[in-house]
Asks: 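Submitted below is the structure of interest, expressed as structure tokens.
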Amino acid sequence: MSSRGTIMHGLRRRLAAVSALAMGAALAVAIPTTASAAARVDNPYVGATAYVNPDWSAKAAAEPGGSAIADEPGFVWMDRIAAIGGTPGAMSLREHLDTALDQGANLFQVVIYDLPGRDCAALASNGELGPTELDRYKDEYIDPISEILADPAYANLRIVTIIEPDSLPNLVTNAGGSAGSTEACATMKANGNYEKGVGYALHTLGAIPNVYNYVDAAHHGWLGWDTNFTPAAQEFKKAATSEGATVADVTGFIVNTANYSALKEPNVKITDSVNGTTVRQSKWIDWNYYVDELSFAQALRTELVSQGFASDIGMLIDTARNGWGGSDRPAGPGPTTGVDAFVDGGRVDRRIHAGNWCNQAGAGIGERPTTAPEPGIDAYVWAKPPGESDGNSAPVDNDEGKGFDRMCDPTYTGNGRNGNNLTGALPNSPLAGHWFSAQFQELVRNAYPPLDGTPGGSDDTQAPTAPTGVTATAKTGTSVSLSWTASTDDTGVTGYNVYRDGVQVGSSTTTSYTDTGLSASTAYSYTVKAKDAAGNVSAASSALSATTSAGGGTGTGAVKVQYKNTDSSATDNQIRMGLQLVNTGSTAVDLSTVKVRYWFTPESGASTFGTACDYAVVGCGTLTHSVKTAGSAAGASHYLEVGFGSGTLAAGASTGEIQLRLNKSDWSNFDESDDYSRSATTSYADAPKIGVYVTGALAWGTAP
């Protein structure tokens, strides 16, 4: 991803009462010395050493096989006001931060989770605050957390937050009268306190320069249908612009938080069909548009950008419990006797229904925390600590506000949210967040990739051969694309780690990788290492030196844009143009991954804009268009971005004419004479100063 421009807010310190526990913890710590804040980065996980929670690590290490993962970093959950000051068996927030410094970590991960009326659709994770207690949420929860995180003693820590799991998605799917709706969710939608609470948290924590906010975005089995997908992105935008927050307070989003949806489905693709019937018709997929979390996360990222979030936002995926290994993991596709047999026989996610979420039987540890593993993905993380229960399987009296949800009862035959199926939950589970030894041991047994020294694991100690032939296949002003020759291994290579100037910047499961967010006209040194399922890592490849292009970069992909000027005056109150996209390659292009940018300057007048499509061969309804700020380059402080909702562009084909226009909201005049992308041509011609981006990378044109 490209480098994110830093937007600093004045740090607002609210003079509200701090809870007694939190204040007690603060008084027990010596007054911190002043520290200089760490430089803000695009992806906080790149080059970071993450904090390992000793509370969780000790429990994991005490379990059979648990030592294999006891040193993995994960998130600390602030699931009630008392957690800020510490609870029996758990350190306070300040103690965690101090321990992170003692460990030499420079990245700390924390879940913000105590909204009013929390988790309106799942009783097991209800919270302590009532639906109307927004002021308590602000004064007694967010403000004390903010005061601690803003302490100069922690200024050199990159602090990653997950903002309120399971809240905003509930407003989309469980508050509108459907089979899965609840009265509690309808209440929270009506009073707006989920949106206000999330907005306040983003605004308050986003004011701290070293905090990186990621908003929870559920999972593909919740929001993957078209009736939920775009409305969810719109709901996220609404919350992110509430209570003083702006999209600049959002570093990115996280999917699959505390859930079990498979990271990748190797045997089932959404485009598959069986005997002419699409797999989307199967009972498991049920017309969803996604079968796994990686494809969902990448598509959701594109949609969020089109809704107005920054073009360089990143996604996190919680992989703590979605490995689905063990003896029940299918080795290949299911039989082709029908779509249900094909999907059910091949899917690695072995849940009874994709709506099942509580302490799932058969689940396993997933991918270990990994930085920049795929395009658009900042990291695989462990948001839900393995071994912490999702909820109690029978009623339990408690003072944590947590109820009894029948979805945690293995004998319950379900409801409208899981298609009236059995829950698939493990028996004898404790309260949500409490240690569940039986579940931890099952997760370890079913880990995928397997864990060393555990059933299904490996005692393999032989590292793969070093990759060879590292080559730069494409370069722009902000990116370098690499490829290399595959390594070999006695048990099989599972992926590759990519290093820029000696620091790991990403991983790939193929023999290619694109490194983004670079500076123009700059030389970088790249090496690649192979890894296997046992965690053995090869020696580094020979180093490759690659220098990025000058200026904003020039695209070299297999698409181009043609332009004609349909505006006879350069000084009137509209900018008008005709565009057409042409596929110059030999394979079809997925239009949903394509964005076209026309750069201009608005001069004086209003800073908001209206855009319109007057005519398009592909249909104006299939297009998105909006104006975004671009920086201070001459003639290019803003750009009109045009996107395509769906469809493909065949090799050698053109979209045909697209007629567009834009205006300032006050209809004041432009001076287009110095605009970067404008040309005087009145017939279609190649436009090298209009950019075409494919999956976020410049594929055509020279950027300013």
Asks: With Glu367, which residues qualify under salt bridge (charged side-chain N to carboxylate O under 4.0 Å, His left out), at least two apart?
Replies: none
Asks: Could you pull out all residues at least two apart from Lys283 that satisfy side chain to side chain contact (heavy atoms under 4.5 Å, CB included)?
Replies: Asp340
Asks: Arg280: what forms a side chain to side chain donor-acceptor pair (under 3.5 Å) with it, not counting sequence neighbours?
Replies: none
Asks: Tell me the closest heavy-atom pair linking Ala703 and Tyr693, and the distance in Å.
Replies: CB-OH, 3.8 Å
Asks: Determine the interplanar angle of the Phe236 and Phe253 rings, folded into 0 to 90°, and report it as parallel if under 30°, tilted if 30 to 60°, perpendicular if over 60°.
Replies: tilted
Asks: Looking at Tyr45, is its backbone amide N or carbonyl O close enough to the side chain of Tyr212 to form a donor-acceptor pair, meaning the two atoms are under 3.5 Å apart?
Replies: no
Asks: Partners of Ile352 by side chain to side chain contact (heavy atoms under 4.5 Å, CB included), sequence neighbours excluded?
Replies: Asn356, Asn421, Leu422
Asks: Check residues 289-296 and write down every donor-acceptor pair under 3.5 Å in which the side-chain atom is one partner and the other belongs to a residue at least two apart or another chain.
Replies:
| unit_1 | atom_1 | unit_2 | atom_2 | d |
| --- | --- | --- | --- | --- |
| Asp292 | OD1 | Ser295 | N | 3.1 |
| Asp292 | OD1 | Ser295 | OG | 2.6 |
| Asp292 | OD2 | Glu265 | N | 3.0 |
| Glu293 | OE2 | His220 | N | 2.8 |
| Glu293 | OE2 | His220 | ND1 | 2.6 |
| Ser295 | OG | Asp292 | O | 3.3 |

Asks: Check for me whether the distance between the ring centres of His638 and Phe609 falls short of 6.0 Å.
Replies: yes
Asks: Please name all residues satisfying side chain to side chain contact (heavy atoms under 4.5 Å, CB included) with Ser665, sequence neighbours left out, ordered by chain then number.
Replies: Ala606, Thr608
Asks: Would Arg118 and Tyr113 count as a cation-pi pair here, with the cationic atom under 6.0 angstrom from the ring centre and within 45° of the axis?
Replies: yes
Asks: With sequence neighbours left out, write down each residue that passes side chain to side chain donor-acceptor pair (under 3.5 Å) with Arg347, or none if nothing qualifies.
Replies: Asp344
Asks: Just to verify, what does Tyr141 make a ring pair (Phe, Tyr, Trp, His ring centres under 6.0 Å) with, not counting sequence neighbours?
Replies: Tyr137
Asks: I'd like to check the side chain to side chain contact (heavy atoms under 4.5 Å, CB included) partners of Ala239; sequence neighbours left out, ordered by chain and number.
Replies: Leu168, Glu195, Val198
Asks: Among residues at least two apart in sequence or on other chains, which ones pass side chain to side chain donor-acceptor pair (under 3.5 Å) with Ser242?
Replies: none
Asks: Output every pair passing disulfide bond (SG atoms under 2.5 Å apart) with a member in residues 182-245, not counting sequence neighbours, ordered by first then second residue.
Replies: Cys120-Cys185
Asks: Please identify each residue that fulfils side chain to side chain donor-acceptor pair (under 3.5 Å) with Asp590, with sequence neighbours left out.
Replies: Ser592
Asks: Check Thr251, Asp249, Thr161 against Asn213 for a side-chain hydrogen bond (donor to acceptor under 3.5 Å, both in side chains) and give me the one that passes.
Replies: Thr161
